[in-house]
Amino acid sequence: MMDRAALRLILLSVFLISASSQPVKKKQDVDIYSFYINSTVTSRYATTVITSRVANTLNESQEIQFEVKIPKTAFISKFRMTIEGKTYDGVVKEKQEAQQQYSEAVSRGQSAGLIKSVGRTLEDFKTSVTVAAFSKVTFELTYEELLKRRLGKYELLINAQPMQPVADFKMDVHIQEKPGISFLEVKGDLSTGDLANAIKTTRADKDAWVTFYPTRDQQTKCKSCGENGLNGDLLITYDVERLNPKGEVMVSNGYFVHYFAPSDVPRIPKNVVFIIDRSGSMHGRKIDQTRLALLKILSDLDEDDHFGLITFDHSVDTWKRELLKATKQNLENAKSFVKEIRDGGATDINAAVLAGVDMIIRHPREGTASILILLTDGDPTSGETNIERIMANVKKAIGLKFPLYCLGFGHDVNFDFLTKMSLENGGVARRIYEDSDADLQLQGFYDEVAVPLLADIQLKYTGGTNLTKTSFNLYFNGSEIVVSGQITDNSVESFSTEVIAVSKGSNVTYQDTVMIKDPSDVPPENEDFMQRLWAYLTVKQLLERQVLLKGQEKEDEGKEALKLSLKYQFVTPLTSMVVTKPQEDEVEVSDKPNEGKEDPRPPVMGFRPSSRNPTLSLRIQNHFSQHQPSRPYPPTKRPRTVRPALPVRPVLLGQTVPSAAHPGLSDLSDMLHAYDETPTITQRSQKPVLSTMSVPIVRSNRFLLSAAGQSKPLCFDVPLPHKLKLLQDSASEFSMNGKSKNRQNGFSQIVFHYKTNHRLTINTRSISYHDGQNDVEFLWGQEPTQHSTEGVSLILRSNEMDVTMGNIRVVVLLHKKNGDVFLWPGVRQQPKDVSLMGILGKAEASYEEIQGSQTPTLKIMDQEVKASWEDVTDYTLPSTPVIRCLLVPFQAVMQGDISDFTLTQL
Ligand SMILES: *[C@@H]1O[C@H](CO)[C@@H](O)[C@H](O)[C@H]1NC(C)=O
Ligand SMILES: *[C@@H]1O[C@H](CO)[C@@H](O)[C@H](O)[C@H]1NC(C)=O
Ligand SMILES: *[C@@H]1O[C@H](CO)[C@@H](O)[C@H](O)[C@H]1NC(C)=O
Ligand SMILES: *[C@@H]1O[C@H](CO)[C@@H](O)[C@H](O)[C@H]1NC(C)=O
């Protein structure tokens with residue numbers, strides 16, 4: 001029956017590395033055997049969970065680090081470590097309380113400080129824990145953020161830098177937007193080159209799924225990657241449909257959110273004055289980039305805009321005393337002026353801003369919006385240098401008549417001062433980072449405020465309470481106003497919104513009534529997201545206002561922000577996350593970085609008791625990195641304590657039949673990793689039970705096919721039963737075939753062939769793999785297991801089998817539905833430049849919709865095809881969502897008959 005030389009192995013929670021899968025020289029004693037990123041965006045509120053599972057492969061205990069970068073705008077809301085089956089949860093505490101414990105640590109001389117720096121968009125979360133020999137640790141970090149609309153889109157930025165290539169790496173993103181997703185794009189350095197093949201996007205009207213499943217090999221070869229694996233960002237940008245100009249209101253569990261972003265209003269002509277710092281410190285690249293940006297911005301002015309230019313060092317120069325219309329001639333003259341800007345003396349911010357204010361005030365124009373933009377790179381050093389007095393002067397001069405925006409260029413600028421001054425005058429401050437793209441940052445900021453659509457916006461909610469900010473100076477095209485609150489009386493059927501604003505030359509009102517009891521609003525598993533969104537926005541705004549307030553009011557609002565941070569477990573500037581180990585006096589703290597100020601206290605605390613359990617200690621740190629290069633893993637300075645060796649606990653639970661034919665088995669330390677989790681599914685007991693209920697008879701398998709750039713996917717049917725060529729790549733000698741049964745969904749067996757002698761057979765009970773010499777068997781539902789050999793990686797995660805062969809990665813899911821047990825393959829990556837054979841060979845379809853006919857008609861490869869709206873269950877995703885699709889005949893998309901895709905033998 002079986003080759004006698006072959007080895008038969010039942011793998012239960014064993015990670016087996018055969019000799020060929022690793023270089024002879026072992027570089028690292030730490031193995032990150034899985035790294036998952038899972039991000040769910042519900043109505044712009046993003047919750048991201050990063051899970052990293054790491055094994056200490058050394059025969060002694062050592063410190064293991066977990067370091068990730070998260071967006072600066074996000075709040076960490078959960079952190080958990082699991083070590084040897086025990087879970088350690090972080091608790092968010094008031095910073096003072098946490099710091100008290102910290103002081104005790106300092107007095108014992110056990111602090112561990114880190115240099116602080118902060119990145120442009122990301123900040124670091126860092127922790128480390130000492131793990132015993134051959135033991136494992138699971139880190140799980142959750143953070144939350146409300147995505148902000150800028151220049152017509154939302155951006156979900158996910159950084160991936162696991163510090164080494166990871167066999168079981170995956171990223172799953174699900175975006176759900178009730179009004180529908182109007183466009184979606186995946187960018188970032190992780191989407192370039194070969195890695196683009198590892199990105200799959202599935203789009204429906206209201207949902208989008210993005211998966212990113214790079215193989216271990218690709219993780220070292222992409223442009224921004226190296227020996228240490230992936231290092232870069234994935235940037236998912238999208239926007240939503242806006243059919244209702246009154247905005248989108250969602251209600252859930254007593255909370256509501258209102259997204260208001262009309263675009264059907266004419267632009268308001270603007271009066272804009274640019275106040276440009278030309279002090280000595282702007283010398284060099286900064287002044288060059290500023291000139292470049294200004295020239296571009298001037299070209300973008302509309303003809304009915306009026307503009308003024310002021311440059312300043314210790315003295316203030318105006319281009320023209322008056323605001324001038326943006327005519328061609330005026331712009332040409334202004335550009336000549338800009339080209340002549342030279343850097344010079346000290347910095348008189350006070351005189352310059354007051355000159356700008358004066359220029360706007362002397363030039364009143366009905367029905368326009370005035371904007372003052374200050375660009376500076378340093379502290380006031382000339383004229384009035386007292387910051388308090390400058391702010392008082394500016395506030396008095398502007399009198400809340402128009403906003404002041406402050407752009408702080410580089411690192412020497414007093415950003416707190418600029419933030420406060422802009423907030424006091426209805427604007428915002430923005431950092432311009434000294435970098436090669438500083439001119440683009442400047443232009444980007446201008447683009448955001450280039451098209452004012454509404455002014456003096458007031459939002460009112462009858463039946464709403466505890467509202468976030470409801471009054472705004474200006475609303476710019478491409479942005480969005482978000483208001484959230486609680487519903488006073490949850491028993492009422494509806495509640496109403498009203499927006500009053502000034503549009504170009506007239507007052508406008510938007511009124512809407514929303515039914516509260518709309519069951520389809522929010523998916524049940526996500527019920528409390530709206531409450532969290534409200535808390536997030538409230539805390540953000542309270543913190544922002546802190547700089548403006550004084551005395552009792554400041555204290556009260558600070559207390560409120562703290563209360564909410566504690567209730568929702570947000571790590572904010574007022575709180576710290578503390579991890580306490582049970583039965584031990586160890587405390588570790590993680591803080592929210594505070595950009596722009598040097599904190600005299602190290603932000604980190606970590607200490608460990610000198611005695612007690614010597615095999616486990618932990619430390620959480622939060623520091624910020626900007627230019628810090630990615631550190632090799634493990635760090636060279638890693639404290640490594642030699643301890644008496646723990647007995648090696650082999651994790652083999654099943655039976656093995658060792659064989660001389662297998663070279664890898666002699667070395668136990670090469671056989672690794674039981675995972676920490678216990679399996680949730682027990683197999684065997686799950687015999688298909690034929691239900692007596694009338695289940696619709698399945699006559700065909702329906703396949704979903706995404707279409708390039710289209711939110712409406714295609715689908716097609718393949719009649720049952722059949723044996724199908726699913727995916728074939730002759731170049732890499734790969735094929736995947738599937739067998740389906742009569743009246744049953746999906747597949748009962750899927751077989752992979754790779755190179756001459758690899759064969760993987762998956763059925764609904766088990767999975768067996770033969771690599772030409774050895775046999776390996778997995779059982780569905782057993783503990784997560786990995787197996788890899790040259791070019792092949794098999795990962796079993798309870799009910800999904802993740803198969804990588806060469807540059808193709810497929811996940812085969814085991815589904816149980818209506819008493820049916822069946823398999824379904826989801827291709828997670830395939831080469832996109834070559835067309836593969838088989839039913840799933842097309843990565844994407846492309847079609848055009850022909851307008852004007854009664855039934856949907858599509859043009860596919862120059863052929864007109866009638867389609868119909870149908871539903872398809874997407875079995876390639878574990879959540880099996882039902883998606884609306886355009887059903888087209890098989891021949892139309894596959895360009896062939898079904899018989900071209902059938903086999904007699906798998
Ligand atoms: C991602 O997280 C969501 C929400 O917690 C969960 O429902 C979903 O199953 C997760 N997806 C994956 C692929 O783990
Ligand atoms: C606002 O932006 C949208 C696209 O983002 C554009 O279609 C519209 O014309 C813009 N409105 C004005 C007044 O510029
Ligand atoms: C808009 O409303 C304000 C007060 O409600 C009023 O003073 C102003 O005249 C109105 N403007 C126009 C153009 O109707
Ligand atoms: C770990 O293994 C090495 C050889 O592989 C051995 O020399 C060393 O003594 C071992 N250390 C402990 C603590 O057992």
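Just so you know, ligand 1 is whichever comes first in the structure, and atom 1 is the first atom listed for that ligand. Along the sequence shown, the residues carry numbers beginning at 1.
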Return the closest protein heavy atom for atom 1 (C) of ligand 2 as residue, atom name and distance.
N477 ND2, 1.4 Å

Can you confirm whether something in the protein, heavy atoms only, sits under 4.0 Å from atom 4 (C) of ligand 2?
no

Among all the protein's heavy atoms, is there at least one whose distance to atom 7 (O) of ligand 2 comes out below 4.0 Å?
no

Pull out every atom of ligand 2 sitting under 4.0 Å from any heavy atom of V451, numbered as shown with elements.
14 (O)

Can you spot which of R149, R242, K148 makes a salt bridge (Lys or Arg N to Asp or Glu O under 4.0 Å) with E480?
R242

Can the positive tip of R44 be found less than 6.0 Å from the middle of the six-membered ring of Y259, inside 45° of the ring normal?
yes

Compute whether any side-chain donor of one residue and acceptor of the other, for Q62 and N56, lie under 3.5 angstrom apart.
yes

Determine, for Y36 and K170, whether the Lys NZ or Arg CZ falls below 6.0 Å from the six-membered ring centre while staying within 45 degrees of the axis.
yes

Any side-chain donor near an acceptor of the partner, Q569 and S77, under 3.5 Å:
no

Should the proximity of L453 to ligand 2, defined as any heavy atom under 4.0 Å, be assigned to the side chain, the backbone, both, or neither?
side chain

Is atom 11 (N) of ligand 2 less than 4.0 angstrom from at least one protein heavy atom?
yes

Parallel, tilted or perpendicular: which describes the rings of F75 and Y536, with under 30° parallel and over 60° perpendicular?
tilted

Numbered atoms and elements of ligand 2 in range of V265, under 4.0 angstrom, heavy atoms
13 (C)

Best match, T142, T48, D172, N38: closest heavy atom to atom 14 (O) of ligand 1:
N38

